[in-house]
Amino acid sequence: RLFPSCILSTSFLHQNQSARGTYYYSRILGETMTSAEQPFHLGRPTSPSHAKQLLQQSEERFRDFVESASIALHFVGPDGVIQWANQAELDLLGYTAEEYIGRNIAEFHVDGPVIDDILCRLCNGEKLREYEARLRAKDGSIRHVLIDSSVLFEDGKFIHTRCFTRDITERKRAEQALRESEQRFR
């Protein structure tokens with residue numbers, strides 16, 4: 001079974017003629033994506049307006065997918081200001097979109113040198129994988145997280161980061177409890 005259409009990609013319409021002589025339009029994508037069993041496609045638009053409708057549906061599905069994803073996602077601009085965050089990111093830290101978006105990401109990091117290093121690496125085009133950090137939630141609690149991030153560059157210009165944040169607070173607490181238990185029995 002194919003996943004729902006969820007591609008935001010550069011594409012163009014191509015007019016095709018079927019074996020029966022009828023014309024239809026296909027959206028040609030810049031890259032081929034596949035599911036486990038068959039190629040991924042957007043369907044066969046029958047007209048430019050149908051193609052536009054299919055693309056709009058695809059964009060809506062993709063937006064729903066990222067907005068309701070269970071992993072925290074956010075974009076940060078070159079100035080460090082949060083441009084967008086999904087609901088999981090807001091829930092992780094206990095903020096509303098109005099309280100979170102538009103503020104500098106450094107305000108939420110417990111360790112200044114860590115966010116400075118993250119932003120420096122990203123500005124230099126480095127991709128981060130499982131970078132540990134600590135974030136301060138609205139209620140004052142500390143959330144231990146792993147960050148995967150890269151920057152979207154267009155014509156060499158930093159547009160925004162693409163950050164995926166996983167909460168590992170419970171794992172950190174369990175590791176600490178295990179260490180304390182081991183120390184008591186030594």
Side-chain angles (χ1 to χ4, degrees), residues 1-103 105 108 118-119 121-123 125-131 145-167:
R1 181 171 181 216
L2 292 176
F3 292 104
S5 298
C6 59
I7 298 175
L8 294 176
S9 177
T10 302
S11 60
F12 61 93
L13 287 179
H14 178 74
Q15 187 178 32
N16 298 290
Q17 187 173 15
S18 72
R20 291 180 282 166
T22 58
Y23 286 93
Y24 62 92
Y25 293 87
S26 295
R27 183 154 301 279
I28 307 299
L29 301 173
E31 60 186 41
T32 302
M33 297 184 69
T34 60
S35 71
E37 300 167 356
Q38 56 185 313
F40 184 93
H41 61 87
L42 291 174
R44 290 188 174 174
T46 57
S47 68
S49 63
H50 184 226
K52 185 177 177 180
Q53 179 186 14
L54 288 175
L55 184 59
Q56 182 179 356
Q57 289 172 350
S58 174
E59 290 170 350
E60 288 169 2
R61 287 180 184 142
F62 183 77
R63 180 170 302 283
D64 177 65
F65 176 77
V66 296
E67 290 287 347
S68 62
S70 60
I71 191 165
L73 307 169
H74 68 266
F75 296 160
V76 172
D79 56 359
V81 173
I82 301 163
Q83 296 178 345
W84 170 84
N86 72 349
Q87 192 59 50
E89 176 96 4
L90 299 172
D91 292 345
L92 172 67
L93 299 175
Y95 289 94
T96 65
E98 295 76 23
E99 295 169 321
Y100 192 66
I101 296 168
R103 291 175 63 185
I105 192 67
F108 302 97
I118 289 171
L119 293 174
R121 288 176 181 222
L122 290 171
C123 284
E126 191 175 330
K127 291 182 180 183
L128 303 181
R129 301 278 186 248
E130 297 191 350
Y131 193 110
V145 298
L146 290 177
I147 298 171
D148 292 339
S149 188
S150 64
V151 172
L152 172 64
F153 288 99
E154 289 181 359
D155 298 322
K157 182 180 175 190
F158 182 123
I159 303 301
H160 62 74
T161 65
R162 299 170 288 203
C163 298
F164 299 77
T165 307
R166 288 176 285 148
D167 187 358

Worksheet item: Can you tell me if Asn86 uses its side chain to pair, donor with acceptor, with the backbone of Leu73 under 3.5 Å?
Response: yes
Worksheet item: Do Leu128 and Arg121 touch side chain to side chain, with heavy atoms closer than 4.5 Å?
Response: yes
Practice prompt. Please report the shortest heavy-atom distance between Ala85 and Leu90, naming the atom on each side.
Written response: CB-CD2, 4.3 Å
Worksheet entry | Separation between SG of Cys163 and CD1 of Ile147, rounded to the nearest 0.5 Å | 6.5 Å
Worksheet item: In terms of heavy-atom contacts, does CZ of Arg63 have more than 12 from other residues, nucleotides or ligands at under 6.0 Å?
Response: no
Item to complete: I would like to know whether Tyr100 and Glu89 meet side chain to side chain donor-acceptor pair (under 3.5 Å); could you show each step before the answer?
Response: CA-CA 10 Å; Tyr100 192 66; Glu89 176 96 4; 2.6 Å; yes
Worksheet item: Among all residues two or more places apart in sequence or in another chain, which pass the ring pair (Phe, Tyr, Trp, His ring centres under 6.0 Å) test with Phe164?
Response: none
Discussion item. Quick check for you: to the nearest 0.5 Å, what is the distance between Thr161 atom OG1 and Leu122 atom CG?
Written reply: 6.5 Å
Worksheet item: So which heavy atom on Ile159 is nearest to which on Pro78, and how close?
Response: O-CD, 3.5 Å
Worksheet item: Between CD of Gln87 and CG of Leu92, what distance do you get to the nearest 0.5 Å?
Response: 11.5 Å
Item to complete: Can you run down the side chain to side chain donor-acceptor pair (under 3.5 Å) pairs that involve residues 76-85, sequence neighbours left out, and say none if there aren't any?
Response: Glu67-Trp84
Item to complete: Look at Lys127 together with Asp148 and state whether they make a salt bridge at an N to O cut-off of under 4.0 Å.
Response: no
Worksheet, complete the sentence: Interatomic distance, CG@Leu146 vs CZ@Arg166, rounded to 0.5 Å, equals 5.0 Å
Fill in: Residue pair Lys52 / Leu54, side-chain heavy-atom distance below 4.5 Å
no
Worksheet entry | Validation row: Leu152, Phe158 side chains within 4.5 angstrom (heavy atoms) | no
Worksheet item: Quick check: does any side chain N or O of Ser68 sit under 3.5 Å from a backbone N or O of Asp64, one acting as donor and the other as acceptor?
Response: yes
Worksheet item: Roughly how far, to the nearest 0.5 Å, is SG of Cys123 from CD1 of Ile118?
Response: 12.0 Å
Worksheet item: Would you say Ile105 and Val81 make side-chain contact, with heavy atoms under 4.5 Å?
Response: no
Discussion item. Measuring from atom CG of Asp167 to atom OG of Ser70, what distance do you get when rounded to the nearest 0.5 angstrom?
Written reply: 12.0 Å
